[in-house]
Amino acid sequence: MPEQTAVQQPAPAPVPTPKPQPPRRSIHQIVTTSKIWKSIFRHDFKDTPRTRVMRIFGNVFLHLQPVRIPRSAIRVSYSWGLGGITFFLFLILTVTGVLLMFYYRPSVTGAYQDMKDLEFVVTLGLLLRNMHRWSAHAMVVCTILHMIRVFLTGAYKAPREFNWGVGIVLLVLTLLLSFTGYLLPWDQLALWAVTVGTNMASATPLLGAEGPFSIVTPMNDARFVTLGGTIVGQNTLLRFYVLHCIALPLVLFILVSVHFWRVRKDGFSTPDPKSPAYQDKVDTWPHLIAREFLAALLVLILLTGASIFRNAPLEEAANPNRTPNPSKAPWYFAGLQELLVYFDPWIAGVVLPGVIVVGLLAIPFIDPNPKGIGYYSIKDRPLANSIFLFGNFLWFLLIAIGMYCRGPNWEWYWPWEPWSSHRITMARTWNIPNPIGLALIGGYFALGMTLPALLKREFFKQLGLIKYSIVMGLLLMMGGVVGKILLRLLLNVKYIVSFPQFNLNI
Amino acid sequence: MANETAVAQSAQGAPACGGGFVGELSRKEFLRKLGWACFATYMVGSVLAMLRFMFPNVLYEPPTSFKAGKPDEYPINSVSTKWTKSKRVWVVRTPKGFYALWARCTHLGCTPNWFESERRFKCPCHGSNFTMQGDVIFGPAPKPLYRAAIAKTDDGQLLIDKGRLENRPGARERGDFFLPHAENA
């Protein structure tokens with residue numbers, strides 16, 4: 001346009017002046033002023049307050065975050081970025097998982113061969129599989145650590161009770177994704193871990209063929225529907241494949257969206273949203289985004305390193321008749337496996353996991369203490385923190401026992417002891433007679449429920465009857481688990497009470 | 001809101017048609033509830049149907065019975081692990097006769113191993129121990145090992161069927177689950 005104007009105007013002076021050159025436009029300018037570019041990006045990229053805001057709410061993904069957040073909420077030593085890292089791991093798992101699917105057939109004749117091909121034939125197949133496996137382990141770790149962090153900072157208290165619940169369901173889904181995933185290689189670990197896992201379903205009260213008060217048969221119980229038959233076979237592999245690749249990720253994705261959205265709506269945890277400390281806010285872009293990006297980079301570097309230097313295990317091909325000795329579950333289920341040594345499957349595999357999940361869900365509703373939101377403090381919440389940390393400690397202690405103290409025939413071996421599958425033990429377990437056992441259990445619960453209420457009236461009044469019963473019930477069960485474990489390890493006691501005719505043994 | 005209207009109409013004694021009782025549903029309200037009831041029934045039915053869909057009607061699983069060779073291949077007072085790897089069965093021969101133990105731990109379904117030195121089966125998954133008879137003597141297994149039906153075929157071989165199982169003391173030592181020597185002479 002300026003050029004044309006210059007041509008049309010007659011020269012005003014006798015001295016000829018050089019023609020005004022059109023401003024030279026760089027490729028960058030041409031691209032960023034084009035209609036296509038502008039149709040995609042609605043803001044410039046200058047570092048102005050307006051653009052910082054526009055970057056967040058003009059982006060469908062980034063606007064899950066507020067445009068400005070309290071300075072205290074992005075302190076790394078507060079949240080440790082665990083929620084975000086967990087989500088990033090899920091993204092890595094999605095990408096590596098989809099790529100692995102191109103070379104994997106969920107068939108009992110092809111699956112193991114495909115794993116071998118991924119390891120030895122497919123370019124980068126081994127690296128991708130390693131990355132998938134290590135990200136899955138890391139996701140389990142981060143989800144648990146995130147839960148512990150949220151608990152310790154009281155971030156589940158009102159108004160965030162619902163989101164805590166969503167988080168617990170996400171933890172369960174993460175474990176289910178791991179469980180369904182490790183059948184897919186169709187190796188010995190896969191087959192036997194899933195055999196054990198699905199047999200727990202048959203111990204479900206009422207709905208399992210071998211559970212207490214069973215009303216079904218092996219041909220129509222909970223195990224049958226999980227396996228798609230009576231053995232871990234082709235139907236099972238296909239079921240677990242569909243669950244692992246489609247159904248569970250879909251549910252997880254939906255719930256993660258809800259989880260993020262609620263974080264956004266409920267705000268970051270603070271004792272007082274109106275306090276000056278909470279009102280001291282910074283722009284999400286770049287302060288939070290930069291931290292998230294750095295965390296993601298760090299995770300990516302660590303994972304890539306781990307995947308280059310350490311291979312995911314692959315045992316020999318699945319053999320439905322022979323179990324490896326010892327047969328150990330992956331570490332995150334080793335605690336459950338160890339628990340199954342001390343209790344009947346319907347307790348260790350169904351009731352206790354159920355109580356743990358329901359107990360976790362109930363935490364925000366049974367904790368009456370308004371203190372301790374938004375900061376770590378053992379002083380303000382001595383009871384809650386000790387119980388929760390003790391519960392977690394117990395779980396990891398069981399994992400450690402399962403991982404390091406069990407050898408052939410699942411016998412006790414200290415980590416420094418050499419294993420021998422022919423060690424002679426001759427040990428025998430015995431049952432406590434039912435009348436004594438019933439009196440023991442009844443007395444334990446009766447005393448446990450009434451003594452604290454009588455001795456600590458304040459505690460009882462603060463909670464009220466219902467909350468008190470739930471809290472004490474959960475606590476007594478936790479104590480009971482420890483007691484039963486000690487009875488078995490020290491005195492070889494098998495059952496405290498036993499009614500084999502109803503499959504009911506404790 | 002709709003409920004209040006319905007109650008108000010009925011209370012005024014002006015129902016849409018028919019007799020007018022206090023608290024009676026108006027036609028509109030009735031149809032609304034009926035509609036939702038149908039919808040709810042459909043949804044519950046669909047969930048149940050999907051659940052039923054997940055139960056297969058035909059299974060393509062290995063056969064449960066097999067021929068286990070001649071009786072004299074098994075020494076007296078022994079637990080044979082000959083068929084454990086391929087058929088998951090131990091053939092036990094006592095001075096009185098034969099029985100076949102299904103090599104599946106009654107705890108959570110792993111395959112135990114036989115240890116001759118201790119005369120025990122030991123499970124590698126959670127440490128259950130069983131006697132030669134299949135009774136639990138250590139570990140978490142709640143029940144004795146199952147015995148499979150055992151018989152003799154026309155050509156003089158042992159026929160073992162894992163499709164029929166028994167583990168109750170008393171019942172497991174007779175009938176289809178024990179083959180006395182007299183019968184296989």
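These numbers come from the heavy atoms of this one structure, side chains and all, not from hydrogens, waters or symmetry mates.
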A.B. asks: Give, as side chain, backbone, both or neither, the part of B:I137 having an atom under 4.5 angstrom from any heavy atom of chain A.
C.D. replies: both
A.B. asks: Considering only heavy atoms, which portion of A:N220 lies under 4.5 Å from any heavy atom of chain B: side chain, backbone, both, or neither?
C.D. replies: both
A.B. asks: Look at the rings of B:F98 and B:Y74 and say which category their plane angle falls in: under 30° parallel, 30 to 60° tilted, over 60° perpendicular.
C.D. replies: perpendicular
A.B. asks: Under 4.5 Å, counting heavy-atom pairs only, tell me which of A:T425, A:T226, A:V232, A:T195 racks up the most with chain B.
C.D. replies: A:T425
A.B. asks: Let me know if A:T198 has heavy atoms under 4.5 Å from chain B in its side chain, its backbone, both or neither.
C.D. replies: neither
A.B. asks: Hey, can you tell me if A:H422 and B:F115 have their rings parallel, tilted or perpendicular (30° and 60° cut-offs)?
C.D. replies: perpendicular
A.B. asks: Shorter than 4.5 Å, heavy atoms on both sides: which option in B:P62, B:C123, B:P112 has the most such pairs with chain A?
C.D. replies: B:C123
A.B. asks: Go through the steps for B:E61 and A:T230 under the test side-chain hydrogen bond (donor to acceptor under 3.5 Å, both in side chains), then give the verdict.
C.D. replies: CA-CA 8 Å; B:E61 295 182 351; A:T230 61; 2.4 Å; yes
A.B. asks: Taking everything shown except B:F30 itself, do over 12 heavy atoms lie less than 6.0 Å from its CZ?
C.D. replies: no
A.B. asks: Would you say A:K494 and A:R428 make side-chain contact, with heavy atoms under 4.5 Å?
C.D. replies: no
A.B. asks: Counting only non-hydrogen atoms closer than 4.5 Å, does A:R406 touch chain B with its backbone (N, CA, C, O), its side chain (CB onward), both, or neither?
C.D. replies: neither
A.B. asks: Against chain B, label A:E411 side chain, backbone, both or neither, depending on which of its atoms sit under 4.5 Å from a heavy atom there.
C.D. replies: side chain
A.B. asks: Is B:Y146 close to B:T106 at the side-chain level, that is, under 4.5 Å between some pair of heavy atoms?
C.D. replies: yes
A.B. asks: Taking the six-membered ring of A:F343, is the NZ or CZ of A:K484 close enough (under 6.0 Å from the centre) and on axis enough (within 45°)?
C.D. replies: yes
A.B. asks: For A:R423, is it the side chain, the backbone, both, or neither that has a heavy atom closer than 4.5 Å to a heavy atom of chain B?
C.D. replies: backbone
A.B. asks: Minimum heavy-atom separation for A:Y495 and A:N505, please, with both atom names.
C.D. replies: CE2-CB, 3.3 Å
A.B. asks: Name the region of A:P500, side chain, backbone, both or neither, that has any atom closer than 4.5 Å to a heavy atom of chain B.
C.D. replies: neither
A.B. asks: At a 4.5 Å cut-off on heavy atoms, which part of A:N431 comes close to chain B: side chain, backbone, both, or neither?
C.D. replies: neither
A.B. asks: Given the options B:G127, B:A141, B:P140, which has more heavy-atom pairs under 4.5 Å with chain A than any of the others?
C.D. replies: B:P140
A.B. asks: Please flag which part of A:D344 lies under 4.5 Å from any non-hydrogen atom of chain B: side chain, backbone, both or neither.
C.D. replies: side chain
A.B. asks: Tell me, for B:R104 versus chain A, whether the close heavy atoms (under 4.5 Å) come from the side chain, the backbone, both or neither.
C.D. replies: side chain
A.B. asks: Find the one option among B:R119, B:K87, B:K85 whose heavy-atom pairs under 4.5 Å with chain A are most numerous.
C.D. replies: B:K85
